[in-house]
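We name chains A, B, ... by the order of the sequence lines, and we start the count at 1 in each one.
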2 protein chains.
Amino acid sequence: MRTPASVDKRQAVTPGRIVTEALRLTREEGLENWTLRRLASAVGAYPAVVYHHVGDRETVVAAVIESVVAEVALPDERLPWRTWFEELLGGLRPVLRAAPGVARRLALHGPGVPSALAIIEGGVRVLRSAGFGDESVVVYELLLNQACLFVAFEDDRGLSPGIRERSAELFSSYRDSETQPGLAAMGRYVAEADPAEFFDYAIARTLDGVAARLTDRPVSTPA
Amino acid sequence: MRTPASVDKRQAVTPGRIVTEALRLTREEGLENWTLRRLASAVGAYPAVVYHHVGDRETVVAAVIESVVAEVALPDERLPWRTWFEELLGGLRPVLRAAPGVARRLALHGPGVPSALAIIEGGVRVLRSAGFGDESVVVYELLLNQACLFVAFEDDRGLSPGIRERSAELFSSYRDSETQPGLAAMGRYVAEADPAEFFDYAIARTLDGVAARLTDRPVSTPA
DNA sequence: ACCTGAACACCGTTCAAGT
DNA sequence: ACCTGAACACCGTTCAAGT
């Protein structure tokens, strides 16, 4: 009401506002590129206030991941398993890309977040119905980890171009090598590769490999 | 007048000794878990000495990655392509596991290191000979990234059990759920999964998916 | 050329004290 | 209950000064 202009805090500091701001910072500069101190000052508060309302940095990060994963749409469970996963992973990509760094966390540390449970439940059930039996869980993990890794790859290109540029230059210098045709091909590839195409290719090959498990051998009916 | 950490300085501080020590620290506690200051005091020197002889932290890290990748054995190029990659990736795993954190860097930032060149050259050439044509480079990247990701996964379990434990507990609580059979299967899986088996399974499925590219359609013979 | 020792500009986290 | 303001124990990096 009569708060001085210099201390103008637009709204009260709440857990929700802190997480929303953390999400905004993540979308702008990536999950690992904001600090708890900067988050605090973005909501006009002291670091200790973040601790009071939410917790340490890791807790804030978990909340950000949670709210990103919650945006992922679950395909219709009556779809064929392969289509189901193509839709899931195709939809996952833009959601994760919009919050750089989240894919990396999911790929490396697993989905330790409540809203992932519905996706797991759906995915594993779809695979079991398709006849993957006891392999359903591994197949699920393979597909999801794969997808998250390649999104993390793309994030990386966008966020920390420094490290990648070094290797891109390294490879490009072999573009026209005749004695090293493999490196030459790699050099031409890194110059013009479309990460989105690589994503689709990787997912398609893994789905192929996994699909062969159903046709190669009799379907194992779980106990 | 004392040297920092009062370490005996029998040996002179050299770039080689710094990198060797960094490698030792990496093997013991992981690539991201030592600091440049601790590295400096481990060789009995001031931080500025590391800068003088090697460079910033990122340069030291690159040197560590280089020396780890240099240990990877290249299979005989006359092997069938699939066997060649099974041997390469099977050999890659223990080398990377011994230096936790290196796999993660390779998976996320690519192999920006000189000793990776021979592996790339060999791998892409093997695939081209096998008839993968222009897809050879993507196939190579898919297989190597895949392998590095799953090693990074294992590293993570070993090094930072904190984050993983949270999700393991989360899943385990659904072990006996009857309404959520997918989560129940996941809960049973995380309790007893062998990461080495997962690694082999993932590689095998990806190789299957990739192999199908050769049999599905006519082999394109590049000029 | 190589090392010293301090400084700079940050971190995440904790805590007694205020209101 | 919530916020203040300072402190603690670190970082990576830089730099003038010594030898």
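Distance CD1 (B/I18) to C1' (C/dC3): 12 Å, rounded to an integer number of Å. Protein atom OH of B/Y51 is 8 Å distant from nucleotide atom C1' of D/dT14, rounded to whole Å. If you measure from atom NE2 of A/H52 to atom P of D/dG5, you get 17 Å, rounded to the nearest angstrom. Between A/R17 atom CZ and D/dC2 atom C1' the separation is 14 Å, expressed in whole Å. As rounded to whole Å, 13 Å separates atom P of D/dA7 from atom OH of A/Y46. Whole-Å rounding puts the B/E58 CD to D/dT13 C1' distance at 14 Å. For the pair B/D56 CG and D/dC15 P, the interatomic distance rounds to 14 Å; values are reported in whole Å. As a whole-Å value, the separation of B/L36 CG from D/dG12 P is 6 Å.
Between the side chains of B/E121 and A/Y174, no donor N or O sits under 3.5 Å from an acceptor N or O.
B/F153 does not carry B/R157 over the face of its six-membered ring by the limits of under 6.0 Å from the centre and within 45° of the normal.
For the side chain to side chain contact (heavy atoms under 4.5 Å, CB included) test with B/L144, the passing option among B/L106, B/V139, B/I120, B/L88 is B/L88; the others fail.
With C/dC3, D/dC11, D/dC3 as the candidates, the nucleotide lying closest to the side chain of B/R38 is D/dC11.
At the heavy-atom level, B/R37 lies under 4.0 Å from base atoms of the strands shown.
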For this session: Go through B/E28 and B/R38 one step at a time and tell me if the salt bridge (Lys or Arg N to Asp or Glu O under 4.0 Å) criterion holds.
Result: CA-CA 13 Å; B/E28 271 175 22; B/R38 288 210 296 115; over 6 Å; no
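A residue-by-residue look at B/A48 and A/A48 shows that A/A48 has its nearest nucleotide of DNA chain D further toward the 5' end.
Between the side chain of A/R93 and the main chain of A/V151, no donor-acceptor pair closer than 3.5 Å is present.
Checking D/dA1 for Watson-Crick or G-U wobble geometry (two distances, each under 3.5 Å) identifies C/dT19 as its partner. Under the Watson-Crick or G-U wobble criterion, with both distances below 3.5 Å, D/dA6 is paired with C/dT14.
The separation of C/dA9 from D/dA9, taken at their C1' atoms, amounts to 16 Å, rounded to a whole angstrom.
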